[in-house]
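This structure is a prediction, so every number in the text was calculated from the model and none was measured. If you read the sequence from its start, that first residue is 1, and numbering goes on from there.
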Amino acid sequence: MSNALTPTDAPALPAAAGRLGAPLAQMRGILAQPAVKRAMPLIFLIGLVAAGFLAWSLVSTPPQRILFANVTDADKAAITSALEGASIKSSIDGSGSITVAEDDFHKARMLLASQNLPKAAPGGYQILDQLPMGVSRAVEGERLRQARETELARSIEEIDSVAEARVHLATPEASVFVRDKTAPTASVVLKLQPGRALGDAQTRAIVNLVASSVPGMTPENVTIVDQMGALLSKKGNDANSASDARIDYQRRIEDKYREQLVQLLTPLVGAGNFTAEVQADVDLDESQATRESYDKEGAVLSAEQGAWTGSKDGQAPGGIPGALSNTPPPASVVTAPNAQPTPGAAPAAGATVAGASQASPQKQSDSFTRTYETGKQVSVTRQAPGSIKRLSVAVLLREESGKPRSTVEIQQITQLVQAAVGYNQGRADQVTVISRKFNAAADAADKGPAWYEAEWVPLAARNATALVIALLVLFLGVRPLTKALLKKREEPAAGAGNRPALAMSGAAGEDGVAPGAAPVSIEMLDHAGNSYDERVGLVRGFTRDNPARAALAVRDMIKADAQ
């Protein structure tokens, strides 16, 4: 017994540590009280149920969706009352928008539509029905313009990509003077759907819709702006329009070749195992030439105009008048000017021979104006734009199993690519095919979104979390509490008289107390019965539960005997 612990053997704690450990010691003292110990299972169960309820409320809340935004307070009250009557939960977020569960969104919209909610101000041509009698012409014109703006906005909102639209019309007053006439203009503000964008064709459609709805308005006077402040309409700049048209044409040519390469290489190397890029140098200049040529060799006389003068050879008639002088002159012969007598030709009938009185005339001078026609050829050549001046194609292949592709395979793929794009060596076309290992980021992009980004993952996680919380409450709260209650019910049945019997019958443990018995206190030792075996069992139980106090008691007994 000389090895028993004494109070002086315990190490002394520093003063600072004592001050810091005092609250902990008090807390341990409070928790060591029998009443607190008995209530601990119930407290733990209540805390566990509260934590489970809090977690369930956070997890079980379905995702919310905005039902209506930017509505008046009266409409909010009416919508909330209608939804509560239909047992549809709704809430108002920080921006003042009414939100409902995503599963109840369409049901709520149909319910509110049947009740004509929200009751917005009348728009469109319904405004004209509320005009009072005797309004001025200016007020009537403004109401008509407002109705036209509302109707145009509703028509634009029918497009799938457009969520909301506002139209502003500027229609000047009609003037009898031509110089003072001003064309009307329009401005359109669009709020697009999330993740959507308007194409050029849709923008032109909206421009033509607005321009065709207002008399005298041209498409150049329509401006379209989205909710981000970006200008969507292009007007009044022919240079920019032509440049955009050229870029679009070149992009279409490149996309056409790229689609051909995708259709060709996908069955060969597999989807995602290659990338192809095409750069087309397109000649978008329009040329027109006119050519005239003349045939100088085949000149033809077209017109001749002029005159000539001449005289007759020989003497004038003379001699004695007689029968010979009274003879009529011979028949005249028409001779072309400058015509020479044909050698060997016989003279005409009645013509005089040499030495006769009638001689052939001689040309003395002439004056002619002649016009010649030459051959003429006119050719017009017009070269339409769109021809390809040069084509560059680059194809990158993924290495198979980390090994580069063979040279023969790359040459075969190169020949296929050249045949697909119409390779022309005269245009200095270039086709390059190489094989390399793809980056991990590119591989992840090709595989698409990860599995945890799927739509079913949040729902499965919510249900799994709710199930785990229920199991924790059951096994960590309900089960221990049930065991504690059953144990308390069994203790009175065991009684104090059963403990000595168990010790004597050998059913007790080494210290004579049944396993799992309640701890023995000093009060139990003081109120013990007269039975020796019962007191011995209590002393053994006290020694087992309080070894330090038992050692102190034995020491005091030894000291008392020594004195």
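The shortest distance between side-chain heavy atoms of Glu277 and Tyr257 does not fall below 4.5 Å. When side chains are defined from C-beta on, Ile253 does not count as touching Val278, because their heavy atoms never get closer than 4.5 Å. Annotation: side chain of Arg148 is in contact with side chain of Val214 (closest heavy-atom distance under 4.5 Å). Contact annotation: the side chain of Val188 approaches that of Ile156 to within less than 4.5 Å [non-hydrogen atoms, C-beta and beyond]. Between Arg398 and Lys437 the shortest side-chain heavy-atom distance does not fall below 4.5 Å. You'll find the side chain of Phe68 reaches within 4.5 Å of the side chain of Pro118, heavy atoms only. Annotation: side chain of Asp281 is not in contact with side chain of Leu391 (no heavy-atom distance under 4.5 Å). Using a 4.5 Å heavy-atom threshold, the side chains of Arg436 and Leu397 count as separate.
Between Ile413 and the choices Leu265, Val408, Leu264, the side chain to side chain contact (heavy atoms under 4.5 Å, CB included) rule is met once, by Leu265.
Separation of atoms NE2 (His106) and CG (Leu67) is listed at 11.0 Å; rounding is to 0.5 Å. Rounding to the nearest 0.5 angstrom, the gap separating the CZ atom in Arg204 from the CG atom in Leu209 is 14.5 Å. Between the OG atom of Ser406 and the CD atom of Gln412 there is a distance of 7.5 Å, given to the nearest 0.5 Å. In this structure, CG on Leu169 lies 8.5 Å from OG1 on Thr185, to the nearest 0.5 angstrom. We find the CG-CD1 distance between Asp103 and Ile88 to be 11.5 Å, quoted to the nearest 0.5 Å. Atoms CZ and CD, from Arg166 and Glu157 in turn, are 11.0 Å apart once rounded to the nearest 0.5 Å.
Side-chain atoms of Gln202 come within 3.5 Å of backbone N or O of Gly199 as a donor-acceptor pair. Judged by distance alone, with hydrogens and angles left aside, the side-chain atoms of Gln250 form a donor-acceptor pair with the main-chain N or O of Ala280 at under 3.5 Å. With hydrogens and angles ignored, the 3.5 Å screen pairs a side-chain donor or acceptor of Asp226 with a backbone N or O of Gly229. Side-chain N or O atoms of Thr414 include one that pairs as donor or acceptor with a backbone N or O of Ile410 at under 3.5 Å. Remark: the backbone N or O of Val100 is not paired with any side-chain donor or acceptor of Asp104 at under 3.5 angstrom. Looking only at distances, no side-chain donor or acceptor of Lys76 sits under 3.5 Å from a matching main-chain atom of Ile92. Distance alone, capped at 3.5 Å, is enough to place a donor-acceptor pair between the Ser114 side chain and the Leu111 backbone. With Glu102 contributing its side chain and Arg65 its backbone, the two residues share no donor-acceptor pair below 3.5 Å.
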Side chain to side chain contact (heavy atoms under 4.5 Å, CB included) evaluation trace for Leu396 with Phe438
CA-CA 9 Å; Leu396 177 61; Phe438 282 14; 3.8 Å; yes
Report the C-alpha distance between Thr432 and Gln430 in whole Å, list the side-chain angles of each, state the deciding distance to 0.1 Å, and finish with yes or no for side chain to side chain contact (heavy atoms under 4.5 Å, CB included).
CA-CA 7 Å; Thr432 304; Gln430 184 178 3; 3.8 Å; yes
Run Leu416 and Leu268 through side chain to side chain contact (heavy atoms under 4.5 Å, CB included) and show every step you take.
CA-CA 11 Å; Leu416 288 176; Leu268 183 61; 4.0 Å; yes
Run Arg427 and Ile388 through side chain to side chain contact (heavy atoms under 4.5 Å, CB included) and show every step you take.
CA-CA 9 Å; Arg427 295 183 310 197; Ile388 298 177; 3.8 Å; yes
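The two residues Thr223 and Ser233 make their nearest non-hydrogen contact at CA-OG, 3.5 Å. When every heavy atom of Gln260 is checked against every heavy atom of Ala420, the shortest pair comes out as OE1-O, 3.0 Å. The minimum heavy-atom distance between Ala276 and Arg258, with the atom names listed, is O-NE, 3.7 Å. Residue Pro215 comes nearest to Pro184 through the heavy atom pair O-CG, 3.6 Å, listed as atom of the first residue, atom of the second, then distance. Across every non-hydrogen atom of Thr203 and Ile224, the tightest pair is O-CD1, 3.8 Å. When all heavy atoms are compared, the tightest approach of Leu192 to Ala197 is CD1-CA, 4.1 Å.
A donor and an acceptor atom, one from each side chain of Arg390 and Ser392, are located under 3.5 Å apart. Thr99 and Ser91 share a donor-acceptor pair across their side chains, judged by distance under 3.5 Å alone. A donor-acceptor contact closer than 3.5 angstrom links the side chains of Asn221 and Thr218.
Within a 6.0 Å radius of CD in Glu304, more than 12 heavy atoms belonging to other residues, nucleotides or ligands are found. Within 6.0 Å of CZ on Arg145 lie more than 12 heavy atoms contributed by other residues, nucleotides or ligands.
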